[in-house]
Amino acid sequence: MNTRFFSTLLIISMLLASCGSTKNSSNDLATALPIETSIDLTKVTNDKAPVTINPGRFAIETVTYRLPRVVQGTYSVSDFGKYVDDFKAYDYNGNEMPVNKVDTNSWTIANAKQLDKVTYLVNDTFDIEEQGGIGEEQPFSPSGTNIEPTNYVLNLHGFIGYFDSLKNNQYKLDVTADADFVRTSALQNVSSKISDDGKTITTSYFAPRYFDITDNPMMYGDLDVEEFQVGDIKIVLSVYSPNKLHSAQSLKETVFKMMQAQKAYLGDINSTPRYDIYLYLSEGKEDSPKGFGALEHHTSTVVVLPEAMDKIALEESMIDVVSHEFFHIVTPLSVHSEDVHYFDYNNPTFSKHLWMYEGVTEYFATLFQVDQDLVIEQDFYNKIMDKIQGSKRMNDAMSFTIMSENVLKEPYKDEYLNVYQKGALIGMCIDILMREESNGNRGILSLMKELSNRYGKNKPFEDDKLIEEITAMTYPSVGEFLNTHVVGDIPIDYNEFFNKVGLEIGEGKVETNYILMNGMPIVSGDPQKGTIFFTDLVLQNSFWVENGAQPNDVIKTIDGEALTLQNANQLLQKIFSWKPGQEVEVTLERNTEEVAIKTAVTPTYTKGEGIMEKADATNAQKALRQAWLKG
């Protein structure tokens, strides 16, 4: 699975983007009845929800119960056991049994033949997040949990654990909640029971095994839900907007067009009959989730984005984020390694091929937009250039396969975000190579289709043999590229590949953003004064220069709202999302004097590197470019 990061620092939210079943094991139960689990949202106290686990009778003396240390697709440590309190075990006479907490996520119970059930309380993760980056031992927001009176984000791996040897057992899950709550989940709904007083409903769900518990999130509460068909796929869009600034209805058309285009791009790759999108919009308060982006599951995705985004910016973010997650139905759903197929939630091993799981997926999410005419070619080139610049801020001379295999360890985990930059560019280079070798007829999408047909969701590939297989399925040049730039640590000369399609990286006037240029913010903060001010980079931004802004100008207000260090993420996101023609009003302070800017937004430019057409491009290069961009 994948996580796509939308990380916020002082200045803005920047879109970045991250798979699974279990090995067969012996059944230590005397019966094959499902493990009975329950979450009672009507009995939440101090922001903690009670959970009960009834595993049936054990035939062994000692058992270990765990919450996941790592969940599929996050490539970082989450330690969901940290959020569990008051863990207790009971025998069949109702007596409390001794429990030994082995580590953060594990509890061992002796005399297990007498074990009737375990109970505990689960605290949510949204309201205790610390702002930080990947590698910190906290759940990324879209993999986290939320417990509040009007909304419950039930990433079930944060509530329901597993007994070591029983991950292949069936699960029955009861969720009790207020009767007026909207509830959405792709898990099989077995039954619903209304309480005698009509105030609560207990919904029973069925999961074939623990993997399906972790792979099917839920959302309960004051939700806005839209269901619609895209070809043969039923799309269920669930939106929680605490201040009702956005709705499922307002996003429906954008999501429909996007997924319709994705279906057209994928062609005959088998797809899921239902796909759920759970969108949580964060208020931007101190206790609101801060890790913006999405966590992909096989047939759904959980998305967390700022509620303060305007409609156009939110739609663009949904296209970028959700399209990436949906493309994971290709990999790792249909093409994945043994590390993914036999995932160990407590002590996982990782595949060498994040360039494919995340990089190729991110490349598809970028390329399909120009292929299906959702964006113009220059917009596509600009996104590719952003990825090139982003990748060069990472370690560009690090083996991608070594980084992937060791993604939880230093120094590799700090390079993880490069899977969405250089990983996507690796996919692009393979695509161009295959187009060149096949006279435009084959590309990386056809390669992924062939791999999907060879393997599929129930058959993993051997990690060490994948590159050899891909080389045999494609061309020697593809194998040479992978061994040199993916297994090897030689940086890629992108102009070599752009030249094949009549493009080049050149210096010139390039369109940029109103707060971020070439990946760098044009503002900084003074923690002692509590102010945000322009840096020297503002002089390279045509919009601000034309409106008289200068270095060291303090930004006092944006559209009438005071800018502080505390609300900087929220307000500067608005500047990041400005569109030409939009009326804006900004108040600056320069040497104690007030400077007012009231204007309509115009496109803004800077000098920098960009991808542009070669003046002497040949017809053959242009034809190859057409095959690359338009399939």
Side-chain angles (χ1 to χ4, degrees), residues 37-51 83 121-129 139 141-160 173-187 189 192-195 197-205 213 216-227 235-252 255 276-292 294-295 297 300-309 314 318 322:
T37 64
S38 68
I39 305 170
D40 194 338
L41 302 181
T42 68
K43 295 182 179 178
V44 171
T45 55
N46 297 323
D47 213 26
K48 298 174 184 178
V51 174
Y83 307 97
L121 301 175
V122 173
N123 195 1
D124 62 337
T125 69
F126 274 15
D127 58 3
I128 53 179
E129 286 184 9
S141 299
S143 70
T145 57
N146 189 48
I147 298 172
E148 58 186 89
T150 58
N151 177 266
Y152 297 84
V153 175
L154 304 179
N155 270 307
L156 295 175
H157 50 240
F159 293 89
I160 306 298
L173 170 62
D174 291 343
V175 181
T176 302
D178 291 352
D180 58 355
F181 276 1
V182 178
R183 33 183 63 76
T184 53
S185 174
L187 264 184
N189 187 330
S192 293
K193 182 179 179 181
I194 303 176
S195 62
D197 60 8
K199 293 182 178 180
T200 66
I201 295 176
T202 298
T203 308
S204 296
Y205 301 93
I213 288 286
N216 288 281
M218 302 177 175
M219 192 182 281
Y220 272 54
D222 183 14
L223 312 179
D224 188 30
V225 180
E226 288 286 334
E227 298 183 4
I235 307 298
V236 183
L237 173 62
S238 304
V239 176
Y240 175 67
S241 180
N243 297 297
K244 307 298 183 185
L245 300 183
H246 303 280
S247 67
Q249 177 64 35
S250 67
L251 292 168
K252 177 180 177 179
V255 174
D276 280 79
I277 301 167
Y278 307 93
L279 173 61
Y280 180 99
L281 293 170
S282 172
E283 286 188 272
K285 296 180 178 178
E286 185 177 350
D287 59 354
S288 299
K290 303 172 181 66
F292 300 140
L295 176 68
H297 299 271
S300 65
T301 185
V302 178
V303 186
V304 179
L305 292 172
E307 189 183 34
M309 299 176 85
L314 180 60
M318 288 291 285
V322 177

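Note: hydrogens, waters and symmetry copies are ignored here, and every other heavy atom, side chains too, is used. Residue numbers count from 1 along this sequence.
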Contacts of Asp174 meeting salt bridge (Lys or Arg N to Asp or Glu O under 4.0 Å) (sequence neighbours excluded), chain-then-number -> Lys172

To the nearest 0.5 angstrom, please state how far the CG atom of Leu187 sits from the CG atom of Leu156. 6.5 Å

Residue pair Leu305, Met318: steps toward the side-chain contact (heavy atoms from CB on, under 4.5 Å) verdict: CA-CA 9 Å; Leu305 292 172; Met318 288 291 285; 4.0 Å; yes

Could you walk me through whether Leu154 and Leu41 pass the side-chain contact (heavy atoms from CB on, under 4.5 Å) check? CA-CA 11 Å; Leu154 304 179; Leu41 302 181; 4.3 Å; yes

Partners meeting ring-ring contact (aromatic ring centres under 6.0 Å, His included) with Phe181 (sequence neighbours left out): Tyr152

If you take all heavy atoms of Tyr278 and Pro217, which pair is closest and at what distance? OH-O, 3.0 Å

Residues in side-chain contact (heavy atoms from CB on, under 4.5 Å) contact with Asp197, at least two apart in sequence or another chain: Ser195, Lys199

State, with a plain yes or no, whether a side-chain heavy atom of Thr145 is found less than 4.5 Å away from one of Asn123. no

Rounded at 0.5 Å granularity, tell me how far CE in Met309 sits from OG in Ser282. 11.5 Å

Checking Asp124 now: which residues fulfil salt bridge (Lys or Arg N to Asp or Glu O under 4.0 Å) with it, not counting sequence neighbours? none

How many angstroms lie between OG in Ser238 and CE in Met218, if you round to the nearest 0.5 Å? 12.0 Å

Quick one: list whatever passes side-chain hydrogen bond (donor to acceptor under 3.5 Å, both in side chains) with Glu227, sequence neighbours left out. Lys234

Let me confirm one number: the CD1-OG1 distance from Ile39 to Thr203, rounded to the nearest 0.5 Å. 11.5 Å

Got a sec, which residues hit salt bridge (Lys or Arg N to Asp or Glu O under 4.0 Å) with Glu307, two or more places apart in sequence or on another chain? none

Residues that Phe159 engages under ring-ring contact (aromatic ring centres under 6.0 Å, His included), provided they are two or more places apart: none

Residue among Leu279, Asp224, Ile277 satisfying side chain to side chain contact (heavy atoms under 4.5 Å, CB included) with Leu251: Leu279

Applying ring-ring contact (aromatic ring centres under 6.0 Å, His included) between Phe126 and each of Tyr240, Tyr280, Tyr83, report the one that passes. Tyr280

Where Pro142 and Val302 come nearest, the two heavy atoms and their spacing: CB-O, 3.3 Å

Residues in side-chain hydrogen bond (donor to acceptor under 3.5 Å, both in side chains) with Asp178, at least two apart? none

By side-chain hydrogen bond (donor to acceptor under 3.5 Å, both in side chains), Lys244 pairs with (sequence neighbours left out) Asp222

Drop me the distance from Asn155's CG to Ile213's CD1, to the nearest 0.5 angstrom. 12.0 Å

Just jot down the side-chain hydrogen bond (donor to acceptor under 3.5 Å, both in side chains) partners of Ser38, sequence neighbours excluded, or say none. none

If you define the side chain from C-beta out and look only at heavy atoms, does anything of Asn151 sit under 4.5 Å from Met219? yes

Of all the heavy-atom pairs spanning Gly291 and Ser141, show the shortest one and how long it is. N-OG, 2.9 Å

Not counting sequence neighbours, which residues clear side-chain contact (heavy atoms from CB on, under 4.5 Å) with Asp287? List them please. Asp127, Lys285

Taking everything shown except Asn46 itself, do over 12 heavy atoms lie less than 6.0 Å from its CG? no

Once rounded to the nearest 0.5 Å, what's the spacing between atom CG of Leu281 and atom OG of Ser241? 5.0 Å

Which heavy-atom pair separates Leu295 from His157 by the least distance, and what is that distance? CD2-CE1, 4.2 Å

What heavy-atom pair brings Ser250 and Ser247 nearest, and what distance separates the two atoms? OG-O, 2.8 Å

Please list, chain by chain and in numerical order, all residues satisfying side-chain contact (heavy atoms from CB on, under 4.5 Å) with Lys193, sequence neighbours excluded. none

What one should report as the nearest heavy-atom pair of Val175 and Tyr205 is CG2-CE1, 4.0 Å

